[in-house]
4 protein chains.
Amino acid sequence: MALTSRERVRRAAVKLFATKGFHGTGIRDLAQAAKLSSASLYHYMGTKEQLLAEIMLDCLQRLLDAAARELDGVDDPVERIGRLVTLHVTTHARQPNETRVVDNHVDVLSPRARRAVVDVRDTYEQLWSDAIDDGLRSGVFATTQPAATRIALLEMCNGVARWYSPRGPLTLEQLAAHYVQLAHRALGVPDMRR
Amino acid sequence: MALTSRERVRRAAVKLFATKGFHGTGIRDLAQAAKLSSASLYHYMGTKEQLLAEIMLDCLQRLLDAAARELDGVDDPVERIGRLVTLHVTTHARQPNETRVVDNHVDVLSPRARRAVVDVRDTYEQLWSDAIDDGLRSGVFATTQPAATRIALLEMCNGVARWYSPRGPLTLEQLAAHYVQLAHRALGVPDMRR
Amino acid sequence: MALTSRERVRRAAVKLFATKGFHGTGIRDLAQAAKLSSASLYHYMGTKEQLLAEIMLDCLQRLLDAAARELDGVDDPVERIGRLVTLHVTTHARQPNETRVVDNHVDVLSPRARRAVVDVRDTYEQLWSDAIDDGLRSGVFATTQPAATRIALLEMCNGVARWYSPRGPLTLEQLAAHYVQLAHRALGVPDMRR
Amino acid sequence: MALTSRERVRRAAVKLFATKGFHGTGIRDLAQAAKLSSASLYHYMGTKEQLLAEIMLDCLQRLLDAAARELDGVDDPVERIGRLVTLHVTTHARQPNETRVVDNHVDVLSPRARRAVVDVRDTYEQLWSDAIDDGLRSGVFATTQPAATRIALLEMCNGVARWYSPRGPLTLEQLAAHYVQLAHRALGVPDMRR
DNA sequence: CATGAATGAGCATTCATTCAT
DNA sequence: TATGAATGAATGCTCATTCAT
């Protein structure tokens with residue numbers, strides 16, 4: 001089924017911003033990839049930067065929503081971190097372009113747009129912080145640097161978008177399971193729990 | 001003591017490429033930061049891309065050399081990984097701009113330059129692979145996914161350049177020690193060893 | 001009637017390339033003469049060199065076509081040379097800019113474009129060679145150096161673009177008639193034939 | 001024997017201006033060809049344009065002097081034209097670069113320099129005019145367009161610099177002899193005179 | 001809904017030239 | 001005599017964006 005022009009623009013932008021960077025992507029590249037004239041592009045977007053900001057906000061919001069759904073009703077911190085890692089890694093593996101755009105383009109945004117993006121991201125990362133804090137409080141996690149560990153884990157998981165290929169030796173499930181193990185180990189979850 | 005113009009160009013490029021990206025950095029930005037006219041820039045560099053490639057190769061080579069020095073005479077895989085992590089993290093914390101340029105700009109390079117850069121990077125990463133393989137063979141490491149773990153650890157350590165600040169709560173030593181712990185845990189080093 | 005922008009670009013290029021040379025003509029000169037911004041120029045041309053190549057090929061092709069038409073059904077070599085000279089001289093007198101561009105810019109072209117231009121030019125000059133050879137065979141021409149004579153005549157006729165003015169003492173018809181006489185004399189056509 | 005730097009600059013300029021044109025030749029091309037730095041070039045020349053003007057004036061003056069020497073004591077117009085053609089053609093064949101610079105760069109010069117060059121050229125061409133007028137007066141030449149014929153002959157002879165090669169089928173002597181024949185025929189010199 | 005035409009501003013790079021050494 | 005360093009101005013060309021149709 002044919003995509004709408006609007007959707008074609010969006011997909012073209014995601015792919016190109018991810019692979020060539022925002023500044024490395026010209027409006028003409030976008031137009032060509034979306035099979036539109038560069039003038040027509042402007043029926044479906046504001047400025048190039050607004051297009052970027054929309055993509056970033058959108059992806060982040062969807063991640064946040066999905067995370068909230070995953071965590072709904074789950075109390076065990078080990079399980080919660082496991083679900084966050086699984087979701088994060090899976091998302092980065094399945095949508096490497098979207099996530100690379102989100103993860104690498106914060107600095108490009110104007111202050112106003114950056115604020116909005118960072119706010120959503122902070123809300124999302126708070127889910128990680130909360131889970132880690134809970135685990136520490138309950139004694140199931142053991143680390144002296146919860147903040148650094150959280151960031152380290154997030155960076156580690158973000159990296160998946162840069163290297164994972166479904167055509168490689170790992171299935172998505174294996175990949176996610178391995179990263180969950182890495183996270184649990186990093187947080188000092190005792191072996192018997194795993 | 002005054003810097004040479006050449007050095008000023010280099011430092012300006014590192015800072016700007018790191019913060020604004022290669023395509024986001026104009027030759028005029030570079031000139032202004034180096035306190036030179038844009039024409040004079042070309043006494044100290046080839047093209048903008050060649051400048052980038054030189055910086056990347058240079059930084060990678062220095063990292064590789066330092067790693068070789070660190071590992072010299074060290075046999076214990078636990079210690080070797082510890083030293084690699086310490087060096088990697090310390091370098092990323094001390095020279096966040098250099099390392100961000102190296103870690104984020106491979107795709108910008110022309111095929112020829114990319115080849116050269118990737119070759120050095122592969123040689124460096126082989127040091128990690130070797131240490132991990134040794135640890136697995138000797139039974140001190142325990143993981144079913146050595147390759148994925150190596151990449152995950154590298155990404156995790158690279159991330160340091162994106163967030164660590166010496167003005168934050170962690171000293172360089174604490175930071176490095178924590179990342180060594182994370183790496184050892186990720187590789188399944190038994191607690192008594194740590 | 002108003003010219004199209006495309007045509008204005010073409011005419012501006014012909015005039016400027018002819019008078020200031022290809023390298024002496026800047027893109028901004030072209031834009032100003034075509035009453036367009038320098039950016040708009042690029043809607044109507046590829047690169048500056050492609051614009052040159054198109055002009056050259058076009059003019060040469062039109063000369064070749066016209067020559068073929070002139071010679072159609074004409075057998076007498078004296079008459080054929082007369083018609084070639086008349087056409088060549090008339091063209092150079094009427095379109096001095098076009099012909100100066102064609103005659104003086106072969107060396108500027110890239111190898112590929114030069115090849116294309118030289119091919120058409122060679123085809124055209126072959127018409128002269130054939131006429132001269134025929135005249136020699138039939139005994140109506142007398143020269144020991146047909147090749148040198150052909151080139152000499154062509155250079156002589158090309159020169160017209162450099163000096164002839166319709167405001168001078170010679171009408172186009174007188175000019176052409178005189179050059180025909182010069183050509184016939186050069187080829188040793190007996191006086192009674194003229 | 002080694003050339004002086006001054007002479008190397010001169011020769012480099014002649015070769016490059018002839019083949020790539022004045023505007024197509026950069027100061028760096030000149031420097032490289034003269035095996036000097038571009039700054040050092042300025043010890044041996046004024047501006048690029050002055051260098052061009054000096055070359056042109058010099059070559060023209062030498063041609064004029066040589067012509068005066070050739071004509072000294074020669075009264076017969078047929079012989080005079082013969083000597084002028086021989087000298088002109090020989091010079092263009094032997095020094096194609098010098099003559100191409102002289103013949104094709106008048107338009108590049110500033111008004112003042114152009115004036116000086118054109119003055120010498122006019123003096124030289126006057127020698128041709130005088131010879132032709134004499135021949136007409138004495139009845140040995142027959143043409144209704146002496147001015148056009150003179151220009152046509154000059155253009156024809158200038159052309160030699162564009163095509164003649166000593167490695168081709170014609171020796172210099174044969175070339176000159178043929179052009180003398182062409183000139184005599186163009187001027188209507190009766191066959192018995194030749 | 002779509003685009004050809006248009007542009008001011010900007011791009012990386014090169015220009016001819018100067019000057020202190 | 002020679003040049004490395006330096007530059008303001010210019011180079012050919014592309015940028016993101018607008019607008020009339």
Side-chain angles (χ1 to χ4, degrees), chain A residues 4-6 8-9 22-32 34-52, chain B residues 4-6 8-9 22-32 34-52, chain C residues 4-6 8-9 22-32 34-52, chain D residues 4-6 8-9 22-32 34-52:
Chain A
T4 64
S5 292
R6 184 168 215 91
R8 287 210 314 279
V9 171
F22 178 76
H23 289 303
T25 301
I27 227 71
R28 282 157 185 77
D29 300 326
L30 238 34
Q32 186 172 31
K35 288 173 187 175
L36 244 44
S37 76
S38 59
S40 297
L41 230 48
Y42 285 85
H43 280 277
Y44 304 103
M45 54 178 250
T47 65
K48 200 176 78 155
E49 201 211 310
Q50 285 167 0
L51 175 60
L52 172 66
Chain B
T4 62
S5 292
R6 185 168 213 94
R8 288 209 314 279
V9 171
F22 178 77
H23 290 303
T25 301
I27 229 69
R28 284 156 187 79
D29 300 326
L30 237 34
Q32 188 170 33
K35 290 175 187 176
L36 242 40
S37 75
S38 60
S40 297
L41 231 48
Y42 286 85
H43 276 281
Y44 303 104
M45 53 178 250
T47 63
K48 200 175 76 154
E49 201 212 309
Q50 283 167 1
L51 176 61
L52 171 66
Chain C
T4 63
S5 292
R6 186 167 213 95
R8 287 210 314 279
V9 171
F22 178 77
H23 289 303
T25 301
I27 230 69
R28 284 158 185 80
D29 300 327
L30 237 34
Q32 187 171 31
K35 288 173 187 178
L36 243 39
S37 74
S38 61
S40 297
L41 229 49
Y42 286 86
H43 276 282
Y44 303 104
M45 52 178 252
T47 63
K48 199 175 76 153
E49 201 212 310
Q50 284 168 359
L51 176 61
L52 171 66
Chain D
T4 63
S5 292
R6 184 167 215 93
R8 287 210 313 279
V9 171
F22 178 76
H23 289 303
T25 301
I27 228 72
R28 281 158 186 78
D29 299 327
L30 238 34
Q32 186 172 30
K35 288 173 185 174
L36 245 44
S37 76
S38 59
S40 298
L41 229 50
Y42 285 85
H43 280 280
Y44 304 103
M45 54 179 251
T47 64
K48 199 175 81 156
E49 202 211 311
Q50 284 167 0
L51 175 61
L52 171 65

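None of these values were measured; they are calculated from a predicted model. In the text below, chain A, chain B and the rest are named by the order of the sequence lines, each starting its count at 1.
With rounding to the nearest 0.5 angstrom, the CD atom of B:Q32 is 12.5 Å from the OG atom of B:S37.
The distance from atom OH of D:Y42 to atom C1' of E:dA16 is 4 Å, rounded to the nearest whole Å. Rounding to whole angstrom units, CG of residue C:L36 and P of E:dT7 are separated by 5 Å. Rounded to whole angstrom, the span from the CG atom of D:L30 across to the C1' atom of F:dA2 amounts to 17 Å.
Projected onto DNA chain E by closest heavy-atom contact, C:R28 and B:M45 fall at different nucleotides, the more 5' of which corresponds to C:R28. Comparing C:L41 and B:D29, the nucleotide of DNA chain E nearest to each residue sits closer to the 5' end for C:L41.
Of the nucleotides present, F:dA16 is the one that pairs with E:dT7 by Watson-Crick or G-U wobble criteria, both distances under 3.5 Å.
Taking 4.5 Å as the limit, some side-chain heavy atom of A:I27 sits within range of a side-chain heavy atom of A:Y42. Contact check for A:T25 versus A:L30: side-chain heavy atoms found under the 4.5 Å cut-off. No side-chain heavy atom of D:L41 sits less than 4.5 Å from a side-chain heavy atom of D:L51.
Regarding contacts with the backbone of F:dT1, a side-chain N or O of D:Y44 is found under 4.0 angstrom from either OP1 or OP2. Put simply, B:S40 has a side-chain N or O that comes within less than 4.0 Å of OP1 or OP2 on F:dT7.
Here B:S5 lies in heavy-atom contact (under 4.0 Å) with sugar-phosphate atoms only.
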